[in-house]
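Comments concern the structure below.
For ligands, and for the atoms within them, numbers begin at 1 and follow the listed sequence.
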Amino acid sequence: MTTSDSESSAAPENGPKHVAIIMDGNGRWAQSRGRPRLFGHHAGAKRVRQIVEACPDLGVKYLTIFAFSTENWKRTQVEVAGLMSLFRRYIAKEARALKAEGVRVRFIGDRVRLDKKLVALMDELEVETSENERVHLTIALNYGGRDEVARATKRLAQDVAAGKLDPGEVDEETLPRYLDTYVLPDPDLVIRTSGEARISNFLLWQSAYAEYEFIDTLWPDFSPEIYAGLVEGFGKRDRRLGGVKA
Ligand code: FPP
């Protein structure tokens with residue numbers, strides 16, 4: 001990724017400003033090669049860098065990726081531990097490059113159940129990249145849309161109980177201020193790889209008006225070219241957002 005003025009030259013008109021991705025298919029990718037599932041997760045982690053790097057040229061300012069869901073704890077202890085170790089190593093290894101490339105990193109999800117060392121690395125990376133604004137990368141880790149709405153509602157109720165919020169004034173603008181994503185715009189385009197057509201508890205509130213792309217490619221095979229094709233395709237869609245065509 002360069003910082004030249006030529007970036008966003010390939011950006012389609014009316015392209016998505018915020019893309020969210022459910023990175024699915026690492027396990028199948030590895031198994032089809034006779035390798036353990038974690039091999040697929042490592043290959044998937046390598047893809048993340050390429051997709052982040054592709055964003056400025058495509059005019060994508062915000063990228064949000066689903067790395068670990070609140071349901072993923074149900075996987076084997078070996079896989080969960082392997083993923084947690086991968087996240088720790090990924091953050092430690094990628095921090096310098098992300099910082100240098102102008103990427104601002106944020107994490108969403110419930111940190112309470114995460115390992116303290118991992119949380120410390122997450123906190124540090126958020127602070128270290130907080131001045132960046134070339135690409136806003138949000139990593140969903142121990143994230144679930146329902147869990148997020150429940151946590152938001154709890155905080156909102158606490159503010160009502162403390163007299164800081166009038167219940168009569170709670171509306172569609174109020175609740176999102178309590179979500180983990182409160183500083184982010186809503187996603188315009190949600191992509192899921194690996195052929196599954198479901199959203200699996202990802203950005204439930206935020207994706208109300210998003211366009212969806214469910215594609216067969218397994219995440220470790222998701223190339224910048226495939227990504228560019230989906231972003232360009234978005235620009236050609238007729239988005240009425242509940243209204244009628246002008
Ligand atoms: C889903 O594939 C993938 C995950 C649960 C983990 C996602 C993690 C990565 C892409 C790697 C690391 C990311 C970062 C940010 C370092 P799956 O295991 O459910 O695949 P399957 O459906 O084929 O079994």
To which protein heavy atom is [atom] closest, and what is the distance rounded to 0.1 Å?
{"atom": "atom 13 (C) of ligand 1", "value": "Phe87 CE2, 3.9 Å"}
{"atom": "atom 10 (C) of ligand 1", "value": "Asn26 ND2, 3.3 Å"}
{"atom": "atom 1 (C) of ligand 1", "value": "Met23 O, 3.2 Å"}
{"atom": "atom 15 (C) of ligand 1", "value": "Ile65 CD1, 3.9 Å"}
{"atom": "atom 20 (O) of ligand 1", "value": "Gly27 N, 3.1 Å"}
{"atom": "atom 11 (C) of ligand 1", "value": "His41 O, 3.5 Å"}

- Query: Any Lys/Arg nitrogen of Arg111 or Glu126 sitting under 4.0 Å from an Asp/Glu carboxylate oxygen of the other?
  - Reply: yes
Do [X] and ligand 1 have an N or O pair less than 3.5 Å apart?
{"X": "Leu86", "answer": "no"}
{"X": "Trp29", "answer": "no"}
{"X": "Asn72", "answer": "no"}
{"X": "Asp24", "answer": "yes"}
{"X": "Gly44", "answer": "no"}

Please determine, by modelled atom types, if [X] and [Y] share a side-chain donor-acceptor pair under 3.5 angstrom.
{"X": "His18", "Y": "Asp188", "value": "no"}
{"X": "Thr174", "Y": "Asp171", "value": "yes"}
{"X": "Thr181", "Y": "Arg106", "value": "no"}
{"X": "Asn201", "Y": "Tyr143", "value": "no"}
{"X": "Arg28", "Y": "Gln31", "value": "no"}
{"X": "Trp205", "Y": "Asp186", "value": "no"}

- Assign the ring pair Phe39 / Trp29 to parallel, tilted or perpendicular, where the plane angle (0 to 90°) is split at 30° and 60°. parallel
Element-labelled atoms of ligand 1 that are located less than 4.0 Å from some non-hydrogen atom of [X]:
{"X": "Arg28", "answer": "21 (P), 22 (O), 23 (O)"}
{"X": "Trp219", "answer": "10 (C)"}
{"X": "Ala67", "answer": "6 (C), 7 (C), 8 (C)"}

- Query: Where's the contact between His42 and ligand 1, heavy-atom distance under 4.0 Å: side chain, backbone, both or neither?
  - Reply: neither
- Message: Please determine whether any non-hydrogen atom of Gly25 lies less than 4.0 Å from an atom of ligand 1.
- Response: yes
- Message: Tell me whether ligand 1 is touched by Arg75 - counting only heavy atoms on the residue side and a distance under 4.0 Å.
- Response: yes
- Query: What heavy-atom pair brings Ile139 and Ala67 nearest, and what distance separates the two atoms?
  - Reply: CG2-CB, 3.8 Å
